[in-house]
Each structure stands twice: as C-alpha cells, then as structure tokens.
Amino acid sequence: MTRSLQNRRILLVIGGGIAAYKALDLIRRLRERGAQVRPLLTRGAQEFVTPLAAAALAGERAHTDLFDRAEEADIGHIKLARDADAIVVAPATASLMARMATGDSSDLAATVLLATTLPILIAPAMNVRMWQHPATQRNLATLRGDGIRVVGPNDGAMAEAEYGPGRLAEPVEIADAVEAMLADVRPAPGFGFLAGRASGNGAKAGPLAGRRVLVTSGPTHEPIDPVRYLANRSSGRQGHAIAAAAAAAGAEVTLVSGPVSIPSPADVRLVPVETAREMLAAVEAALPADLAIFAAAVGDWRPAESHESKLKKDGSAPAPLALVENPDILATIARRAEGRPRLVVGFAAETETVLDHARAKIARKGCDLIVANDVSAAGGVMGGSANTVHLVGRDGTVETWPTLDKEEVGRRLIARFAELLDTPSTGP
Ligand code: CTP
C-alpha cells in the first residue's frame with residue numbers, strides 16, 4: 001500500500017443512513033494511505049455508528065453537534081472548517097446534500113460545510129427513488145456547479161430490496177477519489193484555508209494537463225412520438241469512466257452524453273443530449289480537441305417520422321416503423337479536413353468475430369484506434385461493470401487486455417492515449 005495521502009488531513013463528515021457503517025472502513029482506508037482523519041458525525045449518523053467507534057479508528061477525537069455546541073470556544077466550527085486539506089462527506093444523505101445545496105447551517109456538519117473553502121468530495125448514498133428524485137438531482141447539479149466533487153453512488157441491491165443507483169461507493173473508490181482531488185492541491189502548511197479548492201486553483205497537473213479531451217457516452221434516444229423512442233442497453237459507464245480518468249489526468253474534458261442514470265464525473269463539462277443528431281451537433285460545438293473518444297452507443301437508425309402527438313391504436317394493424325440512417329458521428333469527425341482532433345478513437349461493440357469487424361471499422365470510419373469489445377449477452381458488458389477490450393491499430397495490430405472493471409479500463413486507456421499524444425506516430 002503506497003502512502004499516497006501521507007500527511008494529508010481529512011475532515012470526514014459522516015451522514016446518517018445504513019451506509020454509515022462503511023465510513024468506519026473508509027477511515028481505515030484513508031489512514032492506510034497515510035492520511036490523518038478527523039471524524040464529524042451528524043445526529044443521524046450516531047443512530048448507526050458511535051462517535052467512540054469513529055474516534056477509535058481515526059485515533060482522533062470525533063466531533064458531534066452536542067459536544068461542539070457546548071465547547072464552541074475550544075474547537076469552533078470555523079477552525080474545523082479550515083484545519084484540514086479536504087472535506088469528505090460519506091455517506092452524503094439526501095438531506096445533507098439538500099442542506100449543502102441551499103446553504104443551510106442548522107447543524108454542525110452543515111455549518112462547517114458552509115464555512116469552508118476547502119475542496120469537498122461527497123459520496124452520496126440513499127434509496128434509489130430518493131436519488132432519482134428531481135429534487136436530489138437538482139441539488140446534485142447545484143453542488144457540482146459549486147465545485148464539489150462527487151463519487152458514486154454505485155448500482156446495486158439496496159437495503160429496501162430495490163435495485164439501482166444509490167449504494168455508497170466502496171471505501172477504496174472513495175479513497176481513490178480523495179487522492180485524485182488532492183493531486184492538484186498542495187498540502188496546507190498549518191491551516192487548510194491556504195489550499196484553494198481543487199477545481200479553482202488554476203493549472204492542473206497530470207499526463208493530460210493542458211489537453212482538451214472530448215468523450216461521447218451513453219445511448220441515444222430516437223423519438224417515435226412524445227412518449228416512445230428507440231434506444232439500446234448502453235449504461236454510459238465505460239464512456240463516463242474514460243471521461244473521469246481524463247479529468248483526473250489533468251485534461252479539460254467535455255462529456256457529450258445520451259440519457260443515462262449514472263452521475264456525471266467530477267470536473268468534466270457535461271453536455272446532455274438525446275438523439276444522434278443532437279450528439280453530432282454537440283460534438284462539433286465542443287471542438288477543437290486534442291483527443292476525441294467516441295464511446296457512445298449511437299443509434300444507427302431513427303424513425304423516419306417523429307410524430308408530434310402520441311400514436312393511438314385504431315383497431316387495425318400497427319403501422320410499419322420506417323427507419324432512416326443517423327449521421328455517423330465518429331466518421332464525420334475522423335474525416336474532417338480541418339480541425340480533426342490529433343487522436344480519434346472509436347469503439348466497436350460487436351457480438352461476433354470482434355477483431356475482423358474492428359479492423360474493417362477502423363478503415364471505414366477513418367479513426368486512429370478502435371477499442372473493440374464483445375457485447376454479446378453472454379459477456380454481460382452492456383450495463384455491466386467489467387469489460388474485456390482489444391485495442392486495434394490502423395495497421396491491424398491488436399492488443400488484448402485482461403477483463404477489468406470499467407473504471408480501470410478507463411484509466412488504462414487514458415494512460416495509453418496520453419502516451420500516444422506525446423509521440424509522433426499513433427498505433428496501439
Ligand atoms: N458511432 C458514431 N455514430 C454513429 C454510429 C456509431 O459515432 N451513428 C461510433 C460509436 O460511438 C463507436 C463506433 O462508431 O465509437 C462504432 O459503433 P458501432 O455501433 O459498433 O458500429 P457501426 O458503425 O454502427 O457499425 P455496425 O452497426 O456495422 O457494427
């Protein structure tokens with residue numbers, strides 16, 4: 001284990017909820033990496049874990065509302081808000097997010113979060129429907145706009161026997177996100193307020209520092225009428241993981257995404273779209289870029305006609321659905337005479353003879369590299385968390401990678417593309 005957070009001081013705000021017990025493991029993970037952790041428990045958190053347990057694991061006193069109101073003079077909330085390198089909120093409940101988004105300061109945790117200028121990372125965890133509620137999504141957008149970073153939530157089975165996004169990110173993922181956030185914040189000498197918020201302190205470090213990266217992700221929705229559309233099973237996880245890795249590598253990232261139910265990664269400019277034609281327009285508007293990665297599962301066809309009002313059954317046979325072809329976004333950009341990104345990467349989602357199709361696709365589309373994967377149902381790639389990819393170069397060379405989770409695939413792809421951008425030739 002590398003001491004990658006050596007001497008970093010983290011204020012860990014533990015929110016209420018069943019996932020609070022995982023915050024104890026997070027304390028352990030952060031300390032393994034060398035961080036000093038100071039826990040602060042909300043009243044709700046104390047229903048699930050005790051301040052004593054958090055303090056014992058952290059090796060520091062745990063702060064709670066009750067205690068600190070009484071001893072404000074001793075360790076005031078302003079000092080708590082400053083005396084660290086970063087604040088991590090895990091689990092971030094719907095209520096804590098709402099309080100942060102509205103600037104409410106009705107308890108110690110919210111007060112500290114309002115009084116701080118430190119970089120903040122939140123790890124939301126809540127019931128699926130609470131996460132998907134427009135109010136929570138609105139708060140999330142506000143918090144992102146305020147420069148707050150977000151990790152998770154992950155998909156999974158929830159305590160209430162429901163399935164979907166809402167599970168707290170794993171402690172290791174949260175610790176990784178803390179590292180990424182602090183990578184461009186210098187350690188605070190003395191008080192944390194000397195370190196600026198990560199997203200606001202100018203030039204970023206990393207192998208893609210100073211580069212502009214464009215990523216497409218997710219499916220497209222092609223409307224049939226106001227309530228129906230043609231779509232596919234893409235979750236957006238691979239494209240979003242690539243965008244996250246590019247941002248962590250210091251790039252200025254634009255993520256053009258079709259409709260997905262996963263959160264946008266921290267530190268990327270998200271352009272949400274629905275149809276292939278909207279995606280093409282958004283991609284063209286986002287140029288110039290040094291690197292463009294087309295990970296979206298763009299619908300090849302759209303209904304020839306999109307009806308303005310809902311189609312009704314009229315007792316006779318259903319009308320046949322006529323389709324027309326969508327523009328090929330990857331080929332359009334790869335074949336641009338002017339303003340073509342230096343490195344253009346396509347994906348090939350295949351269900352058979354993966355490599356033959358990928359080689360043909362690279363020639364047909366004019367890109368520099370294809371990341372090919374098998375999306376047949378047996379592989380579970382579409383919507384799943386792991387991926388087995390083959391990197392196919394313009395000269396037909398192939399590199400096959402082991403099965404990895406999509407986040408790791410994203411990081412390795414970005415590391416590879418950064419190398420290629422730094423060398424004159426562009427093969428895998
Ligand atoms: N792509 C795109 N615009 C489209 C279709 C595909 O930008 N209208 C991009 C995808 O983002 C991906 C690559 O092209 O990077 C390959 O997509 P895929 O659907 O696998 O290939 P197709 O071109 O659709 O070929 P086929 O249907 O024959 O497999």
Side-chain angles (χ1 to χ4, degrees), residues 213-223 229-243 246 253-260 271-287 289 291-304 323-336 340-341 343-377 379 381-383 387-394 398 406 409-410 413-414 416-417 426 428:
V213 173
L214 169 66
V215 182
T216 69
S217 185
T220 58
H221 285 185
E222 308 293 340
Y229 54 81
L230 293 179
N232 58 63
R233 295 186 191 282
S234 168
S235 65
R237 276 192 69 161
Q238 187 60 79
H240 278 50
I242 292 171
V253 182
T254 302
L255 173 62
V256 179
S257 177
V260 293
V271 185
V273 297
E274 293 223 340
T275 67
R277 287 184 296 175
E278 286 169 12
M279 189 173 274
L280 175 60
V283 162
E284 287 183 322
L287 292 177
L291 164 62
I293 302 155
F294 294 87
V298 184
D300 288 327
W301 305 286
R302 65 176 182 275
L323 300 174
V324 292
E325 198 163 330
N326 268 328
D328 189 317
I329 304 166
L330 168 60
T332 307
I333 302 304
R335 299 204 178 283
R336 263 168 94 106
R340 179 193 193 273
L343 189 59
V344 178
V345 181
F347 268 68
E350 309 291 353
T351 52
E352 60 208 343
T353 52
V354 175
L355 295 179
D356 290 347
H357 281 308
R359 288 195 184 97
K361 209 164 272 183
I362 213 168
R364 196 167 73 238
K365 305 224 180 194
C367 54
D368 302 303
L369 278 173
I370 284 270
V371 181
N373 53 9
D374 184 346
V375 293
S376 54
V381 168
M382 277 264 181
N387 204 354
T388 315
V389 305
H390 315 269
L391 222 53
V392 184
R394 222 189 265 189
V398 176
K406 289 180 177 176
V409 169
L413 285 174
I414 284 300
R416 174 54 69 89
F417 301 155
T426 48

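No hydrogens, no waters, no symmetry mates; every other heavy atom, side chains included, goes into these values. Counting starts at 1 for both ligands and their atoms, in listed order.
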Nitrogen or oxygen of Ala296 less than 3.5 angstrom from that of ligand 1: yes
Can you sort out which atoms of ligand 1 are near Pro327, meaning under 4.0 Å from one of its heavy atoms? 3 (N), 4 (C), 8 (N)
Run the contact test for Ala349 against ligand 1 with a 4.0 Å cut-off on heavy atoms, strictly below, and give the result. yes
Heavy-atom side-chain proximity of Val298 to Pro327 below 4.5 angstrom: no
Ile242 and its side-chain contact (heavy atoms from CB on, under 4.5 Å) partner, picked from Val371, Val253, Val409, Val215: Val215
Going by distance only, is there an N or O of Gly299 that falls short of 3.5 Å from an N or O of ligand 1? no
With a sphere of 6.0 Å drawn around CZ of Arg340, does it hold more than 12 non-hydrogen atoms of other residues, nucleotides or ligands? yes
Name the closest protein heavy atom to atom 7 (O) of ligand 1, giving the residue it belongs to and the distance to 0.1 Å. Leu330 N, 2.8 Å
Who's closest to atom 20 (O) of ligand 1 heavy-atom-wise, of Lys365, Glu350, Lys361? Lys361
I want to check something: taking the side chain as every heavy atom from C-beta on, are Cys367 and Val345 in contact at a cut-off of under 4.5 Å? no
Is Arg364 in contact with ligand 1, taking contact as a heavy-atom separation below 4.0 Å? yes
List ligand 1 atoms under 4.0 Å from Gly346, heavy atoms only on the residue side. 15 (O)
N or O contact, Phe347 vs ligand 1, cut-off under 3.5 Å: yes
Can you find a heavy atom in the side chain of His390 that is under 4.5 Å from one in the side chain of Leu355? yes
Return yes or no for this condition: an N or O of Ala295 is under 3.5 Å from an N or O of ligand 1. no
May I ask you to check whether Ile329 has an N/O atom sitting below 3.5 Å from an N/O atom of ligand 1? yes
Does Val273 reach the side chain of Val256, with side-chain heavy atoms less than 4.5 Å apart? yes
contact_flag Ala297 ligand 1 heavy-atom lt 4.0 Å: no
Residue pair Val398 / Arg359, side-chain heavy-atom distance below 4.5 Å: yes
Give a yes/no on ligand 1: does His357 have at least one heavy atom closer than 4.0 angstrom to it? no
Test item: side-chain donor near acceptor, Asn387 and Gln238, under 3.5 Å: yes
Which of these, Asp328, Thr332, Ile333, sits in a side-chain contact (heavy atoms from CB on, under 4.5 Å) with Leu330? Asp328
Need the ligand 1 atom indices (1-based, order shown) with element for anything under 4.0 Å from a heavy-atom of Asp300. 5 (C), 24 (O), 27 (O)
